[in-house]
Protein chains: 2
Amino acid sequence: MNKKKLTRYGSIILNLISENDVFLSAQEIYLKMRELSYPVGLATIYRQLQVLLDNHLIDAIKSESGEVIYKQCKKTSHHHHVICIKCGKSQEILEPEIELWTRRVAKKLGYLPMNHTIEIFGHCQQCQTP
Amino acid sequence: MNKKKLTRYGSIILNLISENDVFLSAQEIYLKMRELSYPVGLATIYRQLQVLLDNHLIDAIKSESGEVIYKQCKKTSHHHHVICIKCGKSQEILEPEIELWTRRVAKKLGYLPMNHTIEIFGHCQQCQTP
DNA sequence: GTTACTGCAAAAACTTTGCATTATT
DNA sequence: AATAATGCAAAGTTTTTGCAGTAAC
């Protein structure tokens, strides 16, 4: 058994993430925790985020700028996201056909696909009308 | 005019990249340049890679581990890649349908799509048979 | 002789790690 | 008391920036 358990701060972080509709970076979570007066260190944030990931309680993707951002998704199975580049709000993409597409394309080129990243960035409905 | 020009090292970097079939990171390019006895600094590598990108002479994507990697692509228009996670070899994906798919999916969710990333990671033909 | 490029060092930003201290059981 | 979690500081990585020196035109 390689899995570490959720700790006090782990649950608090999970709550914080699950209340939010946007992807948050570890740094943002750290700041929010400090705002909420939890005397938590950044290292703990990173360590507990890893535990949450290992237990599939949250999802992580890479932002456009390259940092890892976290969110709790409704779908438990593999999926992708549309992310607003203005407000950060994201929605899950529920299109199984794309999984077949990646497999088909990879195989056509002689590759055995193991993994893929698909992210769509744009403006959400609210952020389109200023 | 905001574009900087290609310099002596820029051309050498472009040659190095165009001779390679795999995506290279700035750090790898730096090492290869030093191996070839060019007394070039890492900062210059980064600065000239940016110039090469601005002039669309090379393409860049993010690797699985998050660092930016560079390659000269045959296709000049927007496209995606399958990348071997063992040897690094990549192939360009020539499927216009996926562009329509991302637009359609984003719009269905109320988003105005601006940008997207699609990368497939796996094992290439040679790396499948050890 | 100006202008632009480069090297070096320093800094910035994100993340990981080591270790002494503190909390949990 | 033993075990595990935490905070802090330090270090690791990738990338950017400032500036003095050098090359290019």
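Please read these numbers as outputs of a predicted model, since none were measured by experiment. Values below: every heavy atom of this structure, side chains too, minus hydrogens, waters and symmetry copies. Naming convention: chains lettered A, B, ... in sequence-line order (proteins, then strands); numbering from 1 in each chain.
Annotation: proximity of residues 9-33 of chain B to DNA chain D (heavy atom, distance under 4.0 Å) is found for Gln27(B), numbered in ascending order. For residues 36-43 of chain A, proximity to DNA chain D is found at Pro39(A), Val40(A), Gly41(A), Ala43(A), defined as any non-hydrogen atom under 4.0 angstrom from a strand atom.
When each of Asp59(A), Leu49(A), Leu57(A) is checked for a side-chain contact (heavy atoms from CB on, under 4.5 Å) with Ile17(A), only Leu49(A) meets the rule.
Applying the 6.0 Å contact sphere to NZ of Lys62(A) captures more than 12 heavy atoms from other residues, nucleotides or ligands.
Straight-line distance from the CD atom of Gln50(A) to the C1' atom of dT17(C): 14 Å, rounded to whole Å. Atom pair Leu53(A):CG and dT15(C):C1' shows a separation of 14 Å (rounding to whole Å applied).
In the model, Asn15(A) has no side-chain atom that pairs as donor or acceptor with a side-chain atom of Glu19(A) under 3.5 Å.
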- Contact letters for nucleotides 19-25 of chain C, in which S counts primed atoms plus P, OP1 and OP2 and B counts the base, heavy atoms under 4.0 Å: ----SS-

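The aromatic rings of His116(B) and His80(B) sit tilted relative to each other, their planes meeting at an angle between 30° and 60°.
For dC5(C), neither phosphate oxygen OP1 nor OP2 lies less than 4.0 angstrom from any side-chain nitrogen or oxygen of Thr7(B). At the phosphate of dT15(C), OP1 or OP2 sits under 4.0 Å from a side-chain N or O atom of Tyr46(A).
Residues satisfying the salt bridge (Lys or Arg N to Asp or Glu O under 4.0 Å) criterion with Glu99(B), sequence neighbours excluded, are absent altogether. Lys108(A) pairs by the salt bridge (Lys or Arg N to Asp or Glu O under 4.0 Å) definition with Glu95(B), not counting sequence neighbours.
Put simply, chain B comes within 4.0 Å of DNA chain D, heavy atom to any atom, from dT14(D) to dA24(D), going 5' to 3'.
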- Message: The test is side-chain hydrogen bond (donor to acceptor under 3.5 Å, both in side chains); show your working for Glu35(B) and Tyr30(B) and say whether it passes.
- Response: CA-CA 9 Å; Glu35(B) 279 172 22; Tyr30(B) 172 69; over 6 Å; no

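Expressed to the nearest 0.5 Å, how far NZ of Lys89(B) lies from CD of Gln126(B) amounts to 3.5 Å.
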